[in-house]
Amino acid sequence: LAAGLAPPFLDDPTFKHPDQVKQGEVDWLMKHGGGEWKDLPSLPPEYEWVKDVSEKQENAWIAIKKKMPKATIDAIRRATTKLQDVLYSRNPAIIREHLRGAIEENKVGEGASNKALRQAEEYAEKLEEHLKEREAEREEEHAEARRELEDFDLDEAMATMRSGVGQTGFSHAHPVERTRRRLFVKVLLRRARAMEELGATEGAASELRRALRAEPDNPEAKRRLAALALASTSSSSPRSAAAGASPPTLAQVSGQVDVAALPSVAAIAGNVESSAPADLVSMAVRQPSSPSSGPREALGKGTATGEDDDEDAIGVDHSSTSQLVTAAAEYMKRGDYEGALQIYGYTLGRCKVWDSPLTELRVLSNRSLCLQRLRGRLPELVSACNEALKRISQIRREGRGGDISGEMLLRMESACLSRRGNAYMQLRKTEEGNRDLADVREILARVGELEKQGQATATH
């Protein structure tokens, strides 16, 4: 909460700070000489008559302030402390619930003072006003989000060429934008496939046109749109109408599609802009199967499989992977470890074949570094370090280090072990942590020996 909403320090009638005592203030009201106690004048409720021992006269009286018994003082202090603790909950409902009991204690003289009760009441009102303001702000934020969602045009955002003057975000060729378009087109193709099987050819054609707007050279969308157009032409022929026959299905029409007339992969590749994803060019146009096959087989088993399988659709694109790794490194330089972690995670899930073991190990190691910098994600950090260490062991065992020197492999291993050891220590797994840190010391000693050997070789 804001500083202005900090709980007040409640008044304690049993304690008065010395700085608050007025100069010259006395605890007695008046004196009376002679007479019996029953003949003394009346006093305010907080005063009482007692014998004045400072006077020599036997019947000398003095009116002093009443002193509370220790039991009453302790009861008031306990009630005040309890009310103060309730204020720290910053929950107006709980505060008001406790106030009802505190008021009853005050009536019998063993509860918080009237001033303390007023302070608690005012604080509860302030909290309620703050909660109402926050609720109004949240409603406004939700309304603004709904308006943005209603005004947002997904097709325009995913289009190859966007309209408007000032376009923000990543460039068209950025790996993040390419991935967004790929996923968007994949969803549209699946929706079009479902509409085809339901017989809603108009809806399917609309979805395919949306896909072509995002990826104008997508061969799958072009091929299926051509098949739908041919099916529509055949269904509207006079002979079919006279015979009263039902429109041919897409499976029947697809057997009539002249695949040779469709653009080849080479022609498509020639028309693809330099910023288009390389995996779209690598998609092959396959010959349709027999007319009796179903819709998926008629339009090419390879394409149907590619639509449902990310590996077939994406393939191996080392340039795209390099761009993702470079983008993640830029995020780390800016201190945006959450963004870098997302890109590294996506890269690990996307890339099945790496251009070199060094690139893979750097991605695994940097992912663990991001988790360490983010803090509070210790189980994920341990899991990431385990994966990196397992891969290092595999590369060392298989002897496929390639461009990775033995010294570099040891340094990567020590870094992952150090991060995992620190994570274990924070998780109170001291035995595992000490074991990892001991391994780090041993590895660093080996690295030192390798450096000395390298220096001696360079000298000779």
Side-chain angles (χ1 to χ4, degrees), residues 147-233 250 253-254 257 259 261-286 295-296 299-300 302-310 312-315 317 320 323 346 350:
R147 287 193 294 269
E148 289 181 2
L149 184 60
E150 292 171 358
D151 297 339
F152 181 73
D153 188 347
L154 184 58
D155 292 308
E156 177 68 22
M158 293 291 108
T160 305
M161 300 299 294
R162 293 186 242 173
S163 61
V165 179
Q167 296 294 338
T168 60
F170 295 109
S171 64
H172 177 75
H174 195 278
V176 174
E177 284 294 319
R178 293 168 57 186
T179 302
R180 289 177 62 198
R181 286 198 304 276
R182 184 180 300 116
L183 295 175
F184 178 63
V185 170
K186 182 177 291 187
V187 172
L188 292 178
L189 292 176
R190 289 175 178 173
R191 289 182 63 178
R193 174 71 66 189
M195 290 182 178
E196 290 171 16
E197 295 182 353
L198 292 172
T201 55
E202 289 296 329
S206 176
E207 296 300 316
L208 291 172
R209 282 191 289 270
R210 292 177 64 191
L212 286 174
R213 187 183 179 194
E215 289 184 355
D217 296 317
N218 187 284
E220 170 69 6
K222 285 184 175 181
R223 184 164 52 251
R224 289 165 62 179
L225 192 59
L228 285 175
L230 184 58
S232 177
T233 303
L250 185 59
V253 174
S254 59
V257 177
V259 178
L262 296 176
S264 64
V265 175
I268 293 172
N271 295 328
V272 174
E273 298 177 358
S274 60
S275 61
D279 53 354
L280 294 181
V281 181
S282 65
M283 294 177 63
V285 179
R286 307 194 182 192
R296 291 182 181 272
L299 291 178
T303 303
T305 305
E307 181 185 334
D308 294 331
D309 192 344
D310 289 344
D312 293 340
I314 295 175
D317 185 3
S320 178
Q323 292 177 0
Y346 172 77
R350 177 181 183 275

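Going from atom CZ of Arg209 over to atom CG of Leu228 covers 9.0 Å, rounded to the nearest 0.5 Å. Annotation: the span from Glu215 atom CD to Lys222 atom NZ amounts to 11.5 Å, rounded to 0.5 Å. We find the CE-CG distance between Met195 and Leu208 to be 10.0 Å, quoted to the nearest 0.5 Å.
Between Glu150 and Arg147 there is no salt bridge, since no side-chain N of the basic residue sits under 4.0 Å from a carboxylate O of the acidic one.
Taking the side-chain contact (heavy atoms from CB on, under 4.5 Å) definition, one finds that Thr179 meets it with Arg182, Leu183, Tyr346, sequence neighbours left out.
Among Glu196, Glu207, Glu197, the single residue meeting the salt bridge (Lys or Arg N to Asp or Glu O under 4.0 Å) criterion with Arg191 is Glu207.
Put simply, the side chain of Arg224 never gets that close to the backbone of Ala204: no donor and acceptor are under 3.5 Å apart.
Taking all atoms of both residues into account, the shortest heavy-atom contact from Val185 to Ala211 is CG2-O, 4.0 Å.
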